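Inspection log for the structure reproduced underneath, given as structure tokens.
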Amino acid sequence: MVDAVHIPSNFIHQIIDSDLANGKNGGRVHTRFPPEPNGYLHMGHAKSICLNFATALKYGGKCNLRFDDTNPEKENLEYVESIQASIRWLGFDWEDRLYYASNYFDQLYDYAVALVSQGKAYVCSLTPDQAREYRGTLTEPGRNSPDRERSMEDNLDLFSRMKNGEFADGTYTLRAKIDMASPNINMRDPVIYRIRHAHHHQTGNKWCIYPMYDYTHCISDAIEGITHSLCTLEFEDHRPLYDWILDQLDVPHHPQQIEFARLNLNYTVMSKRKLKQLVDEKLVNGWNDPRMPTLEGMRRRGYTPAAIRNLIEIAGISKSNSVVDVGMLEHCLREDLDRTSPRAMCVLRPLKVVLTNYPAEKTDILGMSRHPKDESMGERSMTFTRELYIDRSDFEEVPPPKFKRLVPGGEVRLRGAYVIRCDEIVKDAAGNITELHCSCDMDTLNKNPEGRKVKGVIHWVSASNSISCEVRLYERLFTHENPDSAEGDYRDKLNPDSLVVLSDCRAEPSLASAQPEERFQFEREGYFCADRFDSKPDGLVFNLTIGLRDTWGKIQNT
Ligand code: ATP
Ligand code: MG
């Protein structure tokens, strides 16, 4: 478990401070992270995870993981498992406090019977369409269900028969009896149980009625002794219902719900519904596609947990909705990767270079530091040979203005090695460049003889002493800053170039031992990580995590 998570003090911590000062909750602080297992966790969830766990850490309290699993048809064990893996990966530990709302189905049922017995809930036979019509609108009050005054005995009988499976899905619901004229639609006799003859991933076929989220959530919090139930702003209007339910029942404890603003990122969609749609419609390659803002996708892409936690820290916790620049997240990522990633050379689009004056049998073994600022990472060695590869983009036959790399007749330094000059371009019948013939200035191995100015430095690998690998270049999944904006469907704003696969890249030999998820900086190209699933010793696959140029950091410093 990380101990360095830091969430800057915020309005929630002020509430907790005053609760502690007033002796509320016996000085306890107990939070929970409550995902519905109906998808993979995304970057937005990271905010809730960090807030809940960091708050517990700060106050020496506890944080539970609780699955709010009241929707069996949309949930499955794959989601349950990936959610746990993502929270662990982010660096948090719920110890022995893994719970499911479904653990409480018996108690939830008994509490519902208690509500019915007090005349605070009734069985309603309105169809979903009718119920919607009776509910009213923001400007019009709702109307009472014809079943609202059903006798308590009949309600108890019907509710137990609902539970016993006597009725089909949708025929009856159990509704809280609150106020059909309330200005808050959530208080207009909300449904608290519905009939669903569905298999549940935790309770199997035991139940054919399932409690609704709002009803379940507050009672689960109460059962677990949660002191501060932190949730996102859209639940603000549900708080009166949260409190109403707990006030009616003889629960051990009444938690306080506090709302905070969701994390939104530009160039990103963050609704599980849309992310699921991208997966189901095969617009991406699964929930863990490296382009997805899911924690599994980001992990596979090469994001570090520290960078994600740092973004949450910088973005802060507030009560007003805003959109965070994804450049800020990328900035946090680059900062972490710059510090922690060993350097290596990998030529993404190889162009052969033959050094005509460098003897075929000669080699130079060149030691190079793995990290310019961190000697503890040690050195790797590269073999310099007569035949090399450079990147196609580092040579221009007709260079644009200010091009500082290799041009016909021009010179360039090969990083950590010699200065070479391009003497001849070799082309195939179609006119494509196949090779460059260059001469090597043998006096320039890692030094600049007097009066010699060579501006450009490019990376290289030896042709015979390098390994082949696949590199997957990723860009943002959306080209549009706000994919959720009103104009058009978000799926029309997908970036057609978000994935480019380069299957014949050449990497320096030190990369041969790259382990899945190991991260590197490929010099001059960006940060890469070996794919967690597809990279194998005999078929290395690297994902582009992020390029080197930090536009956000730059803007902040000017
Ligand atoms: P989505 O809206 O993406 O489908 P959700 O709220 O339905 O997410 P849950 O599994 O219910 O998903 O979320 C678990 C917790 O994470 C909830 O407390 C929820 O408020 C919080 N959460 C979800 N999205 C965000 C976000 N973008 N920023 C901060 N917290 C979030
Ligand atoms: Mg939710």
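Along the sequence shown, residues carry numbers from 1. First listed ligand is number 1; within each ligand, the first listed atom is number 1. Keep in mind the model is a prediction, meaning the values are calculated, not measured.
In this structure, a donor-acceptor pair under 3.5 Å is absent between the side chains of Asp484 and Asn482. Of the N and O atoms on the side chains of Arg300 and Asn288, at least one donor lies less than 3.5 Å from an acceptor on the other residue.
Against a heavy-atom cut-off of under 4.0 Å, Thr232 is close to the following atoms of ligand 1: 19 (C), 20 (O), 29 (C), 30 (N), 31 (C). Listed by number with element, the atoms of ligand 1 under 4.0 Å from a non-hydrogen atom of Ser271 are 3 (O). Near Met270, meaning under 4.0 Å from one of its heavy atoms, ligand 1 places the atoms 3 (O). Each of the following atoms of ligand 1 lies closer than 4.0 Å to a heavy atom of His45: 8 (O), 9 (P), 10 (O), 12 (O), 13 (O), 14 (C), 16 (O), 22 (N), 23 (C).
For Leu230, no nitrogen or oxygen atom sits less than 3.5 Å from a nitrogen or oxygen atom of ligand 1, counting backbone and side chain alike. In terms of N/O distances under 3.5 Å, ligand 1 is approached by Lys272. Looking at ligand 1, you won't find any N or O of Lys47 less than 3.5 Å from one of its N or O atoms. The shortest N/O to N/O separation between Ala261 and ligand 1 does not fall below 3.5 Å.
For the ligand labelled ligand 1, residue Met43 lies outside the 4.0 Å heavy-atom shell.
By the 30° and 60° cut-offs, the orientation of the rings of His217 relative to Tyr242 is tilted. Between Phe159 and Tyr109, the angle of the ring planes stays under 30°, which puts this pair in the parallel group of the 30/60° scheme.
When the options Glu36, His217, Arg262, Lys274 are ranked by their closest heavy atom to atom 7 (O) of ligand 1, first place goes to Glu36.
Closest approach of Glu475 and Arg291 over heavy atoms only: O-CG, 4.2 Å. Smallest separation of non-hydrogen atoms from Val284 and Met292: CG2-SD, 3.8 Å.
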Q. When you look at Arg262 and Met270, which way does the side chain to side chain contact (heavy atoms under 4.5 Å, CB included) test go after all the steps?
A. CA-CA 10 Å; Arg262 299 173 78 86; Met270 208 107 81; 5.9 Å; no
